[in-house]
Amino acid sequence: MPSLSFILRYFRYLNKSVTAHSLHSPYMYQLMTEVIENRTRYKEVLLPERLKKKLLSSKEEILVTDLGGGSHHIQGEWRKVKHLAHYSGRRHRPGKLLYRLVKHFNPNVVLELGTSLGIGSLYLKAALPSARIVTIEGCPNIASLARRNISEIGASDVEVVEGDFASVLTLEFIKSLNPKMVVFDGNHRKGPTIDFFNRLVDLATSETVFIFDDIHWSKEMEEAWEDIKADKRVRVTIDLFIFGVVLFRKEMSRQHFVLRNWDSF
Ligand SMILES: C[S@@+](CC[C@H](N)C(=O)[O-])C[C@H]1O[C@@H](n2cnc3c(N)ncnc32)[C@H](O)[C@@H]1O
């Protein structure tokens, strides 16, 4: 059950959000009508959906090292894989939205912070079959399970890097990878979110896109999102409730959009 404060945050978002008819920017209008509101049934998303379905009936339990912002739902070190899939694995509708966004921006290299069981990584791979997808997971047992899941689905070119974001995200790592898209879906706390944003933003170019997951998950995450919006290097932000999209395009004037999206849950 979502908390009352989360429900209130959702209604506050709905109240602020606009539909395609209120958008004057042709770029935003196209993004809204062709990507956000797109109802095409892409067959590629069946792979991550199938993986999630399979994991939801898993009987396996694994020993988990919790490095993230904690979970509202699962406590303790031994966790059922089916619970991880249910609470941390990407849901179908936000997964499809992520798939459409990633396909639209079409980056050649994507970095995902937070692999969990690999469901989200497979949405990225489904959207960009020939791109380089690198995903970081700090819990060793989750990372090996993700590798197994990803290779069983036949996407073994998705690279799972095992380690804490704080130690993996060095300047050398970021420079050599040169990601054109970063999906932040690991630590849902303000301090680390801003820290990882700062490490990656210096190398962002005009074509780089950042996607932050769960920007309204908590008051802390909303504060982090406000700080990111206020950063002078950022040109355009798009609040889709479940995701916050950040663009650095020099040709665009600084603006913050809140777009109505029905695919957050
Ligand atoms: C919400 S889950 C990721 C879900 C996944 N992106 C998906 O869409 O299916 C977050 C994951 O990030 C990992 N994580 C959290 N904080 C981390 C950190 N500081 N370093 C490395 N991994 C971390 C957790 O172990 C967890 O598996």
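Computation of the quantities below employed the complete heavy-atom set of this structure, encompassing side-chain atoms and omitting hydrogens, waters and symmetry-equivalent molecules. For ligands, and for the atoms within them, numbers begin at 1 and follow the listed sequence. We're numbering straight along the sequence, starting at 1. From a predicted model like this one, the values you see are computed outputs, not experimental measurements.
- Checked by distance only, ligand 1 and Glu137 come closer than 3.5 Å through their nitrogen or oxygen atoms.
- For ligand 1, the atoms lying closer than 4.0 Å to a non-hydrogen atom of Gly120 are 7 (C), 8 (O), 9 (O).
- With Glu137 contributing its side chain and Ser116 its backbone, the two residues share a donor-acceptor pair below 3.5 Å.
- In this structure the side chain of Val234 never reaches within 4.5 angstrom of the side chain of Phe210, judged on heavy atoms.
- Relative to atom 6 (N) of ligand 1, the option among Gly186, Gly95, Gly114 with the closest non-hydrogen atom is Gly114.
- Without hydrogens or angle criteria, Thr115 side chain to Gly118 main chain gives no donor-acceptor distance under 3.5 Å.
- Taking distance alone, with nitrogen or oxygen atoms compared against 3.5 Å, Ile142 stays at or beyond that limit from ligand 1.
- Residue Gly163 has at least one heavy-atom neighbour below 4.0 Å for each of these atoms of ligand 1: 20 (N), 21 (C).
- Here is the list of ligand 1 atoms found below 4.0 Å of a heavy atom in Thr115: 5 (C).
- Ring planes of Phe241 and Tyr10: perpendicular class, angle over 60° (limits at 30 and 60°).
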Take Tyr27 and Phe257 through the test ring-ring contact (aromatic ring centres under 6.0 Å, His included) and record every step on the way to the result.
CA-CA 12 Å; Tyr27 181 93; Phe257 295 89; 8.9 Å; no
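- Counting the atoms of ligand 1 from 1 in the order shown, those under 4.0 Å from a heavy atom of Asp164 are 18 (C), 19 (N), 20 (N), 21 (C).
- Ligand 1 has no nitrogen or oxygen under 3.5 angstrom from a nitrogen or oxygen of Phe196.
- The one candidate from His92, Arg39, Lys96 that meets the side-chain hydrogen bond (donor to acceptor under 3.5 Å, both in side chains) condition with Asp263 is Arg39.
- Set against the non-hydrogen atoms of Glu112, the atoms of ligand 1 under 4.0 Å away are 6 (N).
- Between Gly118 and ligand 1, a contact under 3.5 Å exists for no N or O pair.
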For Glu223 and Lys219, run side chain to side chain contact (heavy atoms under 4.5 Å, CB included): C-alpha distance rounded to whole Å, both residues' side-chain angles, the deciding distance at 0.1 Å, then the answer.
CA-CA 6 Å; Glu223 285 171 11; Lys219 198 166 165 284; 3.2 Å; yes
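- Between Thr65 and ligand 1, not a single N/O pair is under 3.5 Å apart.
- Which parts of ligand 1 touch Gly89 is read off a 4.0 Å heavy-atom cut-off, strictly below it: atoms 9 (O).
- With hydrogens and angles ignored, the 3.5 Å screen pairs a side-chain donor or acceptor of Lys52 with a backbone N or O of Gly89.
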